[in-house]
Structures are given as C-alpha cells and as structure tokens.
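Values reported hereafter were calculated over all heavy atoms of this structure, with side chains retained and with hydrogens, waters and symmetry mates removed.
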Protein chains: 2
Amino acid sequence: MRKLQKLNKIYWIYGGVMGLLMVLLEVVHYRTMIRDLDIEIYGAIIGLLFLSIGIWVGTNLYKRKTKDVFDPAQLGLSKREVEVLELLAEGFSNQEVADKLFVSLNTAKTHISNIYSKLNVKRRTQAIQKARDLALIYPSKE
Amino acid sequence: MRKLQKLNKIYWIYGGVMGLLMVLLEVVHYRTMIRDLDIEIYGAIIGLLFLSIGIWVGTNLYKRKTKDVFDPAQLGLSKREVEVLELLAEGFSNQEVADKLFVSLNTAKTHISNIYSKLNVKRRTQAIQKARDLALIYPSKE
DNA sequence: GATGAAATCACCCGAAAGGATGAAAATAAA
DNA sequence: TTTATTTTCATCCTTTCGGGTGATTTCATC
C-alpha cells in the first residue's frame, strides 16, 4: 500500500521530468533548425543531453532500490525487540545480549525467538539480513 | 597495485564501449541520411540510444563506487574462503553452504573455521560484520 | 479493577555451530 | 620434480542456538 504510493510518486516525477525534457528537445531542435546548424551537431547535443539524463536516472534508480525506511511497529516489533535486533546485528551472542540488557539468558532467548517469528526467519543471520534490508537497523558503519 | 590495474581495465572497457557506440552512432546517422528520414526520428533514435547508455553507465558507476575496496588476499583469504564468506553473509547454514559448493559439511566447517581465524573473529555474525566493513562482500542484496 | 500487551524468567530437548586435530588429494609454484 | 598451498574430508568434543511450553510481573488502557 504505502510502497505502491511511493513508487507511483516516483513514476510521476520521472514522467514529469521526461515531459520537460521532451519540450527541451523540441526547443533545441527548432533552435538548430533556425540557425541552420549541421545535423551532426544536433545529434551530438541530443546525445549528450540524453546521456546525462540517463546517467542521472540510472544512479537515482539504483539508490532508490537499496534504501527505504520501514516502521518496526508495522511488523509488530516492540521497542525491546528492536534493541535486541540491533545487538544481534553487531554480532553478539545470546549471552552477551542478555548481559548488555541486564536480563537473563532465557529472556534474551525469548526476545530473539519472537523476533524470528515476527520477521519470519529461522536463523539469526537471516534476521540480521532482513533487518538490514528493511532498514530496521543502520545499514552499515560510518 | 592490483587495484589500479583493475580500475585501468574498467576504464579501457568504458573507453572501448564508448568508441563502439560512436561508430554505431555514425552508422545510424548515415543510414537515416541515405533513406532521407525525418530529422525528428533521427533525434529520437539518438536520444533513446544515449538514454539507455546513460542509464547503464549510471547504474554501473554507482555499483563501482560501493564495491571492491579491499583485497581479500591481503588478509590471507583464499578464493574458496571468499566464496564461503559470501554465502555466510546471505544467511545460509553450514549445511546449506556445503550443498551449494558441492562439498561435505566437514569441509564447509573447515573453511568457515579458517575464515574465523583469518578475520580474527569468533562467531559467524562477526565474520559477516567484518566482511561487510572491509567490503569483502557486496554491501547489500542485488 | 479488569484486560491485554510487553517484558521477564525457567526448563527441556534436539539441532546447529564451533574448537582441536589429523590427514589425504589436488593445484600452484619453485 | 619437488615443495608449498589450497581444498578436501574426517572424528571427537563442547558450546551455542533454536523450538516448545508455561508462568510471573509490569505497565498502559479501557
């Protein structure tokens, strides 16, 4: 739902930009016609213009794909569970997670198990993966 | 040293591709001249061509930036170990890694243990962390 | 004050992961 | 060809992880 809306927005932006560029193309076109420039120069201008547009679109497309922030609550994750998840992603063992949160090992395990079922995964490495993909935790250092 | 060589290779590839595209451009150009097509069609072809080229270059440029910073050999990691490391980062279990590489579980475990000692870590989550930080593996999916 | 969600803890059990060690093929390098 | 490295596999053992179940305590909300 929300994702679709976002995507649609992106499409609108791209569409608008494309439309503007079409107008620009026409302007350049008629300008060159009037001044009777060589067709090769015209082609070069068009080429350069669209090349830069393509690069811009390409980079932005790639950026879009890799990000996108999510709401932990949407997955039913509690505050505490997000905390645990962050510690998991930092490579801590169950015992270490328990120590850092000042709870027992059993409690930590319970949280972790709940996280797994809510994220629909089976291993901690997968949980970290998923959390990263959903940007529930910081994507990387620095 | 090796990194520079790699980059140079990339530049050569880009250069070569660009050269080829110039030739292609000329071919399209003369073809349209001969057949006396409208200048607008010519422009559209050039535009589309360079747009797609731009998108391709753009995405690849972005990928380059985020990848390939470190030399695995510098840490003493063998080719096979890097392979295993990538599978670890994708959240696979020891058994799954073994299956994907068509080796026994014991072999996979040996590789993994060696990776740990070479990366100076104790758990697989830490290995993934470190590999990510050192950009030994791709930062994110796809 | 009752209700429900969140957080806490415990116990059991099987599966997976990790450590230590040894060793046989296969490849690469000398 | 001989040496060195990589890749492969094995066995034994300990620790950690994960699943399942049940229970108690906060805490906010109605």
- Return the 5'-most residue of the pair Gln95(B), Ser104(A) with respect to DNA chain C, ranking by each residue's nearest nucleotide. Ser104(A)

- Task: Would you kindly give the CD1-to-P distance between Ile115(A) and dC17(D), to the nearest whole Å?
- Result: 13 Å

- Task: Classify the side chain of Lys122(A) versus the base of dG18(D) as yes if they form a donor-acceptor pair under 3.5 Å and no if they do not.
- Result: no

- Task: Name the nucleic acid region contacted by Asn106(B), choosing base, sugar-phosphate or nothing; use a 4.0 angstrom heavy-atom cut-off, strictly under.
- Result: base

- About how many Å separate CG of Leu85(A) and NZ of Lys130(A), when rounded to the nearest 0.5 Å? 12.0 Å

- Query: Just to confirm, is there a sub-4.0 Å distance from OP1 or OP2 of dC17(D) to any side-chain nitrogen or oxygen of Asn94(A)?
  - Reply: yes

- Query: Hey, which of these two, Thr110(B) or Val121(A), hits DNA chain D nearer its 5' end, going by closest nucleotide?
  - Reply: Thr110(B)

- When all nucleic acid strands are considered with a 4.0 Å heavy-atom cut-off, which category describes Thr107(B): base, sugar-phosphate, or nothing? base

- Query: Do any side-chain nitrogens or oxygens of Tyr116(B) fall under 4.0 Å of OP1 or OP2 in dG18(C)?
  - Reply: yes

- Task: Can you tell me the distance, in whole Å, between the CD atom of Glu81(A) and the C1' atom of dA5(C)?
- Result: 11 Å

- Task: Starting from C1' on dT6(D), measure out to CG on Leu85(B) and report it in whole angstrom.
- Result: 17 Å

- Task: Report yes if a side-chain nitrogen or oxygen of Ser78(A) is closer than 4.0 Å to either non-bridging phosphate oxygen (OP1 or OP2) of dA7(C); otherwise report no.
- Result: yes

- Query: Are the side chain of Ser113(A) and the backbone of Thr110(A) linked by a donor-acceptor contact shorter than 3.5 Å?
  - Reply: no

- Item | Integer-rounded Å distance: dA28(C) C1' and Arg80(B) CZ | 16 Å

- Establish, from distance only, whether the side-chain atoms of Thr107(B) and Ser104(B) form a donor-acceptor pair under 3.5 Å. yes

- Could you tell me the separation between the CG atom of Leu105(B) and the C1' atom of dA16(C), rounded to a whole number of Å? 9 Å

- Check each of Asp99(A), Val97(A), Val84(A) against Phe92(A) using the side-chain contact (heavy atoms from CB on, under 4.5 Å) test, and report the only one that passes. Val97(A)

- Message: Both Lys79(B) and Lys109(B) contact DNA chain D. Taking the nearest nucleotide for each, which residue is further toward the 5' end?
- Response: Lys79(B)

- Note on the structure: Any strand, both distances under 3.5 Å, Watson-Crick or G-U wobble: dA24(C) pairs with dT7(D)

- Taking atom P of dA10(D) as reference, at what distance in whole Å does atom CG of Asn114(B) sit? 17 Å

- Item | Listed nucleotide nearest any side-chain atom of Arg123(A), set dA17(C), dC17(D), dA10(D) | dA17(C)

- Note on the structure: From the candidates dA7(C), dA10(D), dG19(D), the one with an atom nearest any side-chain atom of Ser113(A) is dG19(D)

- Over how many whole Å does the gap from His111(A) atom NE2 to dC17(D) atom C1' extend? 17 Å

- Task: Kindly say whether, by distance alone, the side chain of Ser93(A) makes a donor-acceptor pair under 3.5 Å with the base of dC17(D)?
- Result: no

- Is it true that a side-chain atom of Gln126(A) and a backbone atom of Lys122(A) form a donor plus acceptor pair closer than 3.5 Å? yes

- Query: For the side chain of Val103(A), counting heavy atoms from C-beta on, which of dG19(D), dC17(D), dT8(C) is nearest?
  - Reply: dT8(C)

- Message: Rounding to an integer number of Å, can you tell me how far Ile112(A) CD1 sits from dC9(C) C1'?
- Response: 14 Å

- State whether Glu90(A) and Lys100(A) are salt-bridged, where the test is any N-O pair (Lys NZ or Arg NE/NH1/NH2 against Asp/Glu carboxylate O) under 4.0 Å. no

